[in-house]
Amino acid sequence: MTPNSPLKLVWKGKDKPSNPEDDFDDLNPVITYRHMLSNNLGVRDPLRVIALCDSDAFYAACEMNRLRVDKDVPLVVLQWDMLIAVNYPARKYGISRMDKKKDALKRCPHLKVVHVATYKEGEKEPGYWDDVDTNTHKVSLDYYRRESMKIAAMFKEEVPGCEIEKASIDEAFFDFTKPVREIMLHRYPHLSKTPPGAPLGADTPLPPPPNISWNGLGNLIPVNPPPPASEDEPPDGQPNITTTSLPPEDEEVELASNKSRGDDTPTTWHDVALSIAAELMGKARLAVKTKLGYTTSAGIARNKFLAKLTASYKKPDSQSILRNTAIPNYLRPKEFQKLRFLGGKLGSALAKEFDVSTVGDLLTISLESDGMQSKFGENSVWVYEILRGIDRSEVKDKGSALTKSMLASKNLPKPITKASEGKHWIRVLAAELALRLKDAREMSPNLWPKTIVLHARKGYDAGRSKQAPFPFTREVTVDTIASAGDKLWKELVGNSMTLNVSSVQLAFTGIDVAEAGQKSIEGFLKPVSSSSVKETREPRDIFDIDQVAQPGSATNAVGDGSPQNLGNDKSQVVSLSYVCARCGKTFELPTVHHTGAGDYQDIHDQLTRAKLEHDDFHFARDLANEGSHRPLSSISSKPTPKSSKKRKASPATRGIEKFFRK
DNA sequence: CGACCATAT
DNA sequence: GGATATGGTCG
């Protein structure tokens with residue numbers, strides 16, 4: 001029976017609280033030595049501290065850095081005729097996204113206007129040109145992706161031992177719980193051991209926390225927000241008034257008024273944890289600002305949901321802290337449709353069903369109110385909790401495969417009608433994917449896309465998609481990708497001459513590091529050189545294991561699937577290497593001549609032996625390291641309001657494995 | 001696994 | 001709204 005048992009909350013709706021504060025009655029849990037000294041309470045940890053940090057006007061900031069523009073220069077980033085980013089100096093002129101370039105310039109004639117990088121026609125690389133035309137170019141966000149990765153890398157450096165989840169190109173969540181606990185134990189050594197005379201042993205509450213100074217740590221969200229600034233409230237509380245208090249202009253003012261806002265409510269140990277997290281977050285943000293030139297805004301609170309909400313309290317270049325005690329008053333006036341995951345259909349369904357708009361409104365609706373269970377089913381508990389500031393979703397390190405999919409897409413203002421145009425755009429998109437995959441492989445070689453997907457929208461219809469396994473080829477070339485794309489195109493739009501395609505998207509999905517035993521051996525066999533291999537439009541990987549093991553099998557769905565490529569090359573000079581996906585060690589084999597599958601088999605066997613030996617080394621080393629990082633799958637959390645059904649473990653990995661395990 | 005949907009920046 | 005990303009549903 002943990003103090004924060006979720007069941008308590010689930011059933012709580014049964015007896016309607018008479019005191020509205022009861023809705024938030026888990027916000028001040030008793031914290032014991034057991035809590036303090038446990039390291040695996042996960043999302044139930046009463047000392048959990050999470051932050052969300054996002055870059056201010058990120059694309060604009062990237063361009064300012066790239067062009068070495070002074071930080072006070074108003075600048076916008078353009079995508080065709082649309083503003084996709086407006087820096088803060090430009091916002092002072094009342095410029096916002098949704099404005100057109102024209103209007104923006106009207107408001108601020110000396111505005112710096114930068115168009116996002118584009119590929120043009122068949123260019124291999126994106127670039128910045130001034131003659132951008134949506135009919136011939138496609139946008140590339142690559143520069144921003146790279147900058148984003150730099151920032152993420154610096155964050156990891158700056159807060160070691162902290163789980164970090166990149167949530168989007170310009171946002172990351174931090175789980176500071178672990179490093180904060182260590183610091184707390186170090187700073188307050190009397191917490192590190194249950195005192196001998198403690199009445200309840202480890203379940204004894206901690207002694208009173210020290211008074212802490214929030215000075216310099218960020219903006220404290222007030223426990224008692226000041227009343228809305230304007231006296232003349234529009235009838236009905238309409239959307240264009242800001243219900244939340246306006247943040248003060250500077251932190252001095254904020255701090256001076258803390259007392260009057262009730263921020264002198266008793267300090268808790270969770271507050272101590274928050275304050276330490278704020279130190280760490282501030283340090284990491286400072287590093288990013290001084291070393292990379294990006295300002296950020298962060299929110300620090302007890303979970304992801306609140307951290308995200310808190311980050312928006314004051315921007316830019318600022319961080320804010322939401323104490324548990326400040327949660328109810330911060331949450332209640334918010335329009336729930338602005339909350340994470342309630343911005344879409346679920347949110348509007350709730351608004352319609354109960355005819356309300358704020359969190360406070362929804363708090364009066366119990367779990368078993370008419371319509372709650374029937375209309376929202378599984379979501380109702382999730383909603384119930386989120387409204388009360390409870391969110392058990394975890395911050396998960398997305399590990400090595402930092403990106404699971406790559407999408408290149410192009411909207412066609414003037415829909416295309418000819419097959420040749422389709423081919424053209426597929427080629428452009430393929431070129432981009434090829435480059436991006438190549439770049440990604442510089443960081444982690446052995447990245448493999450499992451599938452390729454083509455999306456197309458015809459006229460006004462909803463888009464349709466087709467996918468197929470992406471073939472094995474060591475060299476993923478534009479041609480490889482384009483022909484796979486062409487094939488999907490045929491299945492999707494056919495040869496009909498009436499086609500009217502207004503958007504095309506080509507994607508890799510299931511990108512992952514090929515791990516031993518997970519993918520087939522092809523992934524580890526890398527042709528170093530080859531001669532008399534004709535460069536066909538669809539170069540087949542000459543080491544495709546299927547060809548070796550089962551000559552003629554056509555499981556490889558590459559390109560046009562023309563059979564003449566299957567084992568038709570009579571003589572080749574090749575040499576092979578095997579690169580371990582885990583440590584990068586390379587095994588080279590001498591150059592061989594071969595005339596048939598038998599030779600392949602020889603090479604294959606030798607490499608297989610080397611690989612097995614090497615795998616054993618990793619296996620042993622893994623055993624030695626066991627125990628330090630086991631995935632905790634026991635904690636169930638619901639990252640999205642969607643179903644909580646668990647996916648079954650993927651079926652046994654098939655393929656080449658049978659060649660190795662005997 | 002394949003197609004599609006929901007959500008977000 | 002365009003360009004991307006992720007995760008869930010359902011057959």
Side-chain angles (χ1 to χ4, degrees), chain A residues 52 54-60 77-86 96-100 115-119 126 132 134 137-145 148 165-173 304-305 308 311-312 337-349 377-379 382 393 396 398 401-413 428-429 432-433 436 450-457 461-470 488 491-492 502-511 557 637-648 650-651 654:
Chain A
L52 179 280
D54 69 275
S55 296
D56 304 319
F58 183 55
Y59 292 176
V77 180
L78 217 57
Q79 177 177 284
W80 314 132
D81 196 26
M82 226 161 29
L83 307 194
I84 55 172
V86 180
S96 82
R97 279 147 93 227
M98 300 8 263
D99 284 341
K100 297 292 199 153
H115 194 282
V116 62
T118 54
Y119 287 86
V132 282
T134 181
H137 295 56
K138 101 160 272 309
V139 162
S140 166
L141 303 181
D142 231 37
Y143 184 74
Y144 310 137
R145 284 189 203 99
S148 175
E165 174 184 343
K166 229 181 145 233
S168 75
I169 199 164
D170 70 344
E171 293 181 316
F173 286 103
K304 289 173 79 173
F305 168 79
K308 167 89 180 167
S312 65
Q337 293 195 67
K338 295 201 176 140
L339 307 186
R340 204 158 86 115
F341 298 129
L342 294 179
K345 304 204 163 173
L346 177 55
S348 45
E378 303 222 348
N379 286 334
W382 181 86
S393 60
K396 53 208 161 195
K398 308 267 220 242
L402 10 83
T403 213
K404 293 169 171 44
S405 68
M406 281 180 193
L407 170 68
S409 72
K410 176 65 190 168
N411 269 27
L412 302 155
V428 173
L429 301 178
E432 178 173 355
L433 289 182
R436 283 171 59 187
K450 197 158 51 82
T451 49
I452 182 169
V453 188
L454 180 73
H455 250 270
R457 179 162 30 100
D461 284 357
R464 311 265 311 198
S465 76
K466 269 280 175 194
Q467 70 181 61
F470 190 74
L488 292 172
E491 297 175 34
L492 203 56
S502 54
S503 124
V504 193
Q505 319 179 201
L506 196 60
F508 284 144
T509 66
I511 300 172
S637 71
K638 187 142 60 140
T640 83
K642 292 299 173 190
S643 111
S644 59
K645 276 175 197 148
K646 294 174 175 90
R647 283 266 153 228
K648 298 194 167 145
S650 60
R654 293 173 297 99

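Values below: all heavy atoms of this structure, side chains included; hydrogens, waters and symmetry mates excluded. Since the structure is predicted, the reported quantities are computational estimates derived from the model, not experimental observations. Protein chains get the first letters and strands the later ones, always in sequence-line order, with residue 1 at the start of each.
Between A:K338 atom NZ and B:dT7 atom C1' the separation is 18 Å, expressed in whole Å. We find that NZ of A:K396 is positioned 11 Å from P of C:dT6, with the value rounded to whole Å. Taking atom OH on A:Y59 and atom P on C:dG2, their separation rounds to 15 Å, with Å as the unit. Separating the CE atom of A:M82 from the C1' atom of B:dT9 is a distance of 13 Å, rounded to the nearest angstrom. The CG atom of A:L492 sits 9 Å away from the P atom of B:dA3 (whole-angstrom rounding). Between the C1' atom of B:dG2 and the CZ atom of A:F508 lies a distance of 18 Å, rounded to the nearest Å. Atoms NZ (A:K466) and P (B:dA3) sit 4 Å apart, rounded to a whole Å. Rounded to whole Å, atom C1' of B:dC4 lies 14 Å from atom CG of A:D461.
Put simply, A:Q467 has a side-chain N or O that comes within less than 4.0 Å of OP1 or OP2 on B:dG2. Look at A:S168 and you won't find any side-chain N or O under 4.0 angstrom from OP1 or OP2 of B:dA8. The phosphate of C:dG1 has neither OP1 nor OP2 within less than 4.0 Å of any side-chain N or O from A:N411. Considering only side-chain N and O atoms, A:R340 lies nowhere under 4.0 angstrom from the phosphate OP1 or OP2 of B:dA8. Contact annotation: A:K138 does not reach the phosphate of C:dA3 (side-chain N/O to OP1 or OP2, under 4.0 Å). Contact between the side-chain N/O atoms of A:K345 and the OP1/OP2 oxygens of B:dC5 is not found at any separation under 4.0 Å. Listed pair A:S465 / B:dC4 meets the phosphate criterion, a side-chain N or O lying under 4.0 Å from OP1 or OP2. Checking the phosphate oxygens (OP1, OP2) of C:dT4, no side-chain nitrogen or oxygen of A:K410 falls inside 4.0 Å.
At the heavy-atom level, A:L339 lies under 4.0 Å from the strands shown only through sugar-phosphate atoms. Backbone-only engagement by A:D170 is indicated by non-hydrogen atom pairs under 4.0 Å involving sugar-phosphate atoms exclusively. A:I169 comes within contact range of no nucleotide atom at all, as no heavy-atom separation falls under 4.0 Å. Using a 4.0 Å heavy-atom distance criterion, A:K166 is classed as making no nucleic acid contact. Within the nucleic acid shown, A:E165 has no heavy atom closer than 4.0 Å to any nucleic acid atom. Residue-level contact check: A:A408 touches the backbone only, with heavy atoms under 4.0 Å from sugar-phosphate atoms and none from bases.
Between the side chains of A:K138 and A:S409, not a single donor N or O lies within less than 3.5 Å of an accepting N or O.
With sequence neighbours excluded, no residue satisfies side-chain hydrogen bond (donor to acceptor under 3.5 Å, both in side chains) with A:T403. A:S140 pairs by the side-chain hydrogen bond (donor to acceptor under 3.5 Å, both in side chains) definition with nothing, not counting sequence neighbours. When the side-chain hydrogen bond (donor to acceptor under 3.5 Å, both in side chains) test is applied to A:Y143, no partner is found at least two apart in sequence or on another chain. Scored by the ring pair (Phe, Tyr, Trp, His ring centres under 6.0 Å) test, A:H115 finds A:W80 as partners (sequence neighbours excluded). Taking the side-chain hydrogen bond (donor to acceptor under 3.5 Å, both in side chains) definition, one finds that A:K404 meets it with nothing, sequence neighbours left out.
Put simply, the side chain of A:K410 gets close to the backbone of A:H137: a donor and an acceptor are under 3.5 Å apart.
With contacts defined as side-chain heavy-atom distances shorter than 4.5 Å, the pair A:E491/A:L454 does not qualify.
Helical stems in DNA chain C, defined as runs of 3 or more consecutive Watson-Crick or G-U wobble pairs with both donor-acceptor distances under 3.5 Å, are listed by first residue as B:1-9 with C:3-11.
With the nearest nucleotide of DNA chain C identified for both A:D142 and A:R97, A:R97 has the one nearer the 5' end. Heavy-atom distances to DNA chain C give each of A:R457 and A:K398 a nearest nucleotide, and the one nearer the 5′ end belongs to A:R457. In terms of position on DNA chain B, the residue among A:T451 and A:A462 whose nearest nucleotide sits closer to the 5' end is A:T451.
Among C:dA3, B:dG2, C:dA5, the nucleotide with an atom closest to any side-chain atom of A:S405 is C:dA5. Here C:dA3 is the nucleotide among C:dT6, C:dA3, C:dT4 with the atom lying nearest to any side-chain atom of A:Q79.
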